[in-house]
Every structure is written in C-alpha cells, then in structure tokens.
Amino acid sequence: MVMVLLLLATWALWTPDIDRTVLERKYLAAPTDKIDVLGVNLHLRDSGPKDAPSVLMLHGFGASLHTWEPWAQVLANDFRVLRIDLPGSGLSSPDPTDNYSDSRALELLVALLDQLKIERASVIGNSIGGRIAWTFAALHPQRINKLVLVAPDGFASPGFEYGTPPKVPFSVVLMRFTLPKALLPMSLAPAYVDTAVMNADLVTRYHELMLAPGSRSALIARMQQTVLQDPVPLLKRITAPTLLLWGRQDGMIPVANSADYAAALPKHQLVVLDDLGHLPHEEAPARFLIPVRSFLLNGIPR
C-alpha cells in the first residue's frame, strides 16, 4: 500500500525535462562554450589571458560551473580560468559510456588539457569536484601546479565503508521522475549558513539545470558508481602545494575532516572561515577568494 501511494504521488508530481536548447538560451554564455572531449559534449568557459598560468575549476554534486562565477571573474585578471560542467551536470551532455566513475572523470580531464594544449594547471575543486581534483593531483603530478580543495569529499562518513558501492535510497532514484522546485531548497539548505543566499535566481538555476535531458539519470548513476577508497595513500603522493578551505559550519562535509587531510597531505595550508557552510564560494565569495588568490599567486606562506 505504501508503495502504491508513493507511485501515485510520483505521478502527481511528475517533473518533465527542459529542452536543452531552452536551457542553452538562458545559461550558455556563447555558442563556442561547448567542446567535444572523448565523445562528451562538455560545457566549458575559458576566460582570462590564454598565455597566463591555467586554473581549472571543478564543481560539486548537483552544481554547475556557474557556482564559480564570482571567483572566475576576479581570477581571470591573472590566470587563464577554465570551468567545466562535469558530464551530465549543468549544460554538459551525459556521458555516452554511462561511466561516471572518478577514473572516467580523470580520463576526460587529461584529454581536455591535451586538446587545449595545456601541459600544467592549478586545480580548484569543491566537494565531489574536490575528490576528483586531489585524485588528479596524486595520479598526474606532472600536470598540476597547485591544488585548492574546498570542503573536498573523499573520507567515508560514519556508517559508510570503503570499497563498497553506496545504497542509493529509492526516494533519490525517484528524482528521475519527480523533482518539484518547491522541495529543492530543503536539499540545498544544509550547504549554507546564511540561507538568504538561496535566492530565487539561485534555486531556479540549480533546479532548471538538473532538468536537462539525461541529467537526473547521470546524477543518480554518479552516486551509484562512487566507490570510495581509503584516500590516505593517494593523498600522501601529492607533491603539489595544497590549500585546504572549509566553512566552519559546513553541514554536508564537516570541518573535522580537514584534520584527516592535513595529516596526510605533505605540503598544505588550512584556512577555516567562521559563519560559512559547504559552498563558501557562493555564500561569501569575496572572503574566501582572498586566501585563494594569494595562494595561487604566491604559494604557501613560509
């Protein structure tokens, strides 16, 4: 009976996709901001001087390259700033291989840098994007200059095990069919301390981009295919100077995790800012950009 009621509710709240051309008219800055990489049509924004040191920015789960907009505008004064939507996120197409593992993400990043003829880049990553960033730094040290991790994912939370695929709740799987906009703020709220940041434009952007054709299936597949491994051996291999950033009131990946990273990373600086949550680059972009820009320009203070 409960299943029948749940299915009826899903039918009543059915949320269709939004045509990709409609989304691109609203969120694509220029027609040239798309690039084919290994069969994936990636949304890429490439700003700043092409001969400047490169910085690659990787967003978190359910987000898009738009999350970095305030930082990108400033950093583009000194760097070539590359922002991508991960496959099946934002305006990037789903991966035709249906492979959303970290190893596939790394394969795409290497191919992207090769296509753009960029030998080395600094990498900034948040949450899942942070996990991909530090894995890239560990496995491809010759391609990275500096590493910035904003509340990165990687250490298993209590109740989860390394080497075991997660159990994705049925309620999340139903997201393929129903995703009412009115419910989205409840999912986003733990990421912010100041929930006023979740204004109508931000919620609308998150919601509409999640309704791109194939995006919800890709998000679910990414969750199902994420099998965490003990990160310590890889973190110890990272030779790039690393800046760790955390909001002290992060409600999604607790600031206590920063101690695990600090214990494993050979060369790092930790910056924790009060009164901020999981997305400090959205919540207070100017405050967090100060240590980021200084680190990218000057490295870790002696």
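Position 1 is the first residue of the sequence, and the numbers go up from there.
Put simply, OG on Ser54 and NZ on Lys117 are 13.5 Å apart, with the number rounded to the nearest 0.5 Å. Here CD1 of Ile35 is found 9.5 Å from CG of Asn41. Values are rounded to the nearest 0.5 Å. The CG atom of Asp102 sits 12.5 Å away from atom CD of Glu107, with the distance rounded to the nearest 0.5 Å. A distance of 9.0 Å separates CD in Glu24 from CG in Asp19, rounded to the nearest 0.5 Å. Of the inter-residue distances, the one linking Leu23 atom CG with Leu28 atom CG reads 10.5 Å to the nearest 0.5 angstrom. For the atom pair CZ of Arg104 and OG1 of Thr97, the computed distance is 4.0 Å after rounding to the nearest 0.5 Å.
Side-chain contact between His278 and Ser127 is present, with heavy atoms from C-beta onward closer than 4.5 Å. Side-chain contact between Val271 and Trp246 is absent, with no heavy atoms from C-beta onward closer than 4.5 Å. In this structure the side chain of Leu296 never reaches within 4.5 angstrom of the side chain of Asp78, judged on heavy atoms. At least one side-chain heavy atom of Arg131 sits less than 4.5 Å from a side-chain heavy atom of Thr226. Using a 4.5 Å heavy-atom cutoff, the side chains of Lys267 and Leu147 are not in contact. Taking the side chain as every heavy atom from C-beta outward, Thr15 and Pro180 approach each other to under 4.5 Å. At a threshold of 4.5 Å between non-hydrogen side-chain atoms, the residues Phe79 and Leu297 count as touching. Residues Val150 and Pro280 form a side-chain contact, since some pair of their non-hydrogen atoms from C-beta on lies under 4.5 Å apart.
Proximity of a side-chain donor or acceptor of Gln115 to a complementary backbone N or O of Asp36 within less than 3.5 Å is detected. Side chain of Thr242 to main chain of Ala240: a donor-acceptor pair is present (N/O by atom type, distance under 3.5 Å, no hydrogens or angles). The backbone N or O of Asp46 sits nowhere less than 3.5 Å from a side-chain atom of Arg80 that would complete a donor-acceptor pair. No donor-acceptor pair closer than 3.5 Å links the side chain of Ser215 to the backbone N or O of Ser89. Checked by atom type and distance alone, the side chain of Asn77 pairs as donor or acceptor with a backbone atom of Val74 at under 3.5 Å. In terms of modelled atom types and a separation under 3.5 Å, the side chain of His140 and the main chain of Leu109 share no donor-acceptor contact.
Contact between Arg83 and Ala72 at its shortest, heavy atoms only, is NE-CB, 3.4 Å. Of all the heavy atoms in Asp95 and Tyr100, the pair that sits closest is N-OH, 2.9 Å. Among all heavy-atom pairs drawn from Ala212 and Gly90, the shortest one is CB-O, 4.0 Å. Across every non-hydrogen atom of Leu234 and Ala138, the tightest pair is O-CB, 3.3 Å. Nearest heavy-atom pair, Leu244 versus Ser258, reported as atom, atom and distance to 0.1 Å: CD1-O, 4.1 Å. Contact detail for Trp134 and Pro231: the closest heavy-atom pair is CH2-CB, 3.3 Å.
In the hydrophobic clustering of ILVMFWY residues, with side-chain heavy atoms under 4.5 Å counting as a link, Tyr206 and Leu209 come out together. Taken together through direct or relayed side-chain contacts under 4.5 Å among Ile, Leu, Val, Met, Phe, Trp and Tyr, Leu273 and Val292 form part of one hydrophobic cluster. Placement of Ile144 and Ile238 within a single hydrophobic cluster is found when ILVMFWY residues are connected by side-chain heavy-atom separations under 4.5 Å, directly or transitively. The cluster map of Ile, Leu, Val, Met, Phe, Trp and Tyr, joined by side-chain heavy atoms under 4.5 Å apart, puts Leu56 and Phe295 in different clusters. Hydrophobic clustering places Met223 together with Ile253 (ILVMFWY residues linked when any side-chain heavy atoms are closer than 4.5 Å, directly or through intermediates).
We find that Arg248 and Asp275 are not joined by a salt bridge, their nearest charged nitrogen and carboxylate oxygen being 4.0 Å or further apart. A salt bridge between Asp114 and Arg143 is present, with a side-chain N of the basic residue lying under 4.0 Å from a carboxylate O of the acidic one. Between Asp17 and Arg216 there is a salt bridge, since at least one side-chain N of the basic residue sits less than 4.0 Å from a carboxylate O of the acidic one. Using a 4.0 Å cut-off between charged side-chain N and carboxylate O, Arg205 and Glu69 make no salt bridge. Remark: Lys181 does not engage Glu208 in a salt bridge, criterion side-chain N to carboxylate O under 4.0 Å.
Tested against Leu58, the residues Leu65, Leu82, Ile84 include a single side-chain contact (heavy atoms from CB on, under 4.5 Å) partner, Ile84.
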Next item on the list: Determine, step by step, whether Glu283 and Met198 satisfy the side-chain contact (heavy atoms from CB on, under 4.5 Å) criterion, reporting the C-alpha distance in whole Å, the side-chain angles of both residues, the deciding distance to 0.1 Å, and the verdict.
Entry: CA-CA 9 Å; Glu283 195 168 2; Met198 293 192 304; over 6 Å; no
Next item on the list: Take Val168 and Val173 through the test side-chain contact (heavy atoms from CB on, under 4.5 Å) and record every step on the way to the result.
Entry: CA-CA 7 Å; Val168 179; Val173 176; 4.1 Å; yes
Margin query: Working note: Tyr27 + Asp85, criterion side-chain contact (heavy atoms from CB on, under 4.5 Å); need CA distance, chi angles, decisive distance, verdict.
Written below: CA-CA 12 Å; Tyr27 296 107; Asp85 287 335; over 6 Å; no
Item checked: His268 and Tyr261: CA distance, side-chain angles, deciding distance, ring-ring contact (aromatic ring centres under 6.0 Å, His included) verdict -> CA-CA 9 Å; His268 76 275; Tyr261 282 96; 9.9 Å; no
Item checked: Check against side-chain contact (heavy atoms from CB on, under 4.5 Å), Met57 and Asn126 -> CA-CA 8 Å; Met57 311 179 88; Asn126 168 238; over 6 Å; no
Show me the donor-acceptor pairs within less than 3.5 Å that the side chains of residues 188-196 make with the rest of the protein, sequence neighbours left out.
residue: Tyr192; atom: OH; partner: Glu282; partner atom: OE1; Å: 2.5
residue: Asp194; atom: OD1; partner: Ala196; partner atom: N; Å: 3.1

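Taking the six-membered ring wherever Trp is involved, the centroid distance between the rings of Trp68 and His59 does not fall below 6.0 Å.
Note: Phe288 and Trp71 have perpendicular aromatic rings, judged against thresholds of 30 and 60 degrees for the angle between ring planes.
Summarising the local packing, CD of Gln142 is surrounded by more than 12 heavy atoms from other residues, nucleotides or ligands at distances under 6.0 Å. A 6.0 Å sphere centred on CZ of Arg293 holds no more than 12 heavy atoms belonging to other residues, nucleotides or ligands.
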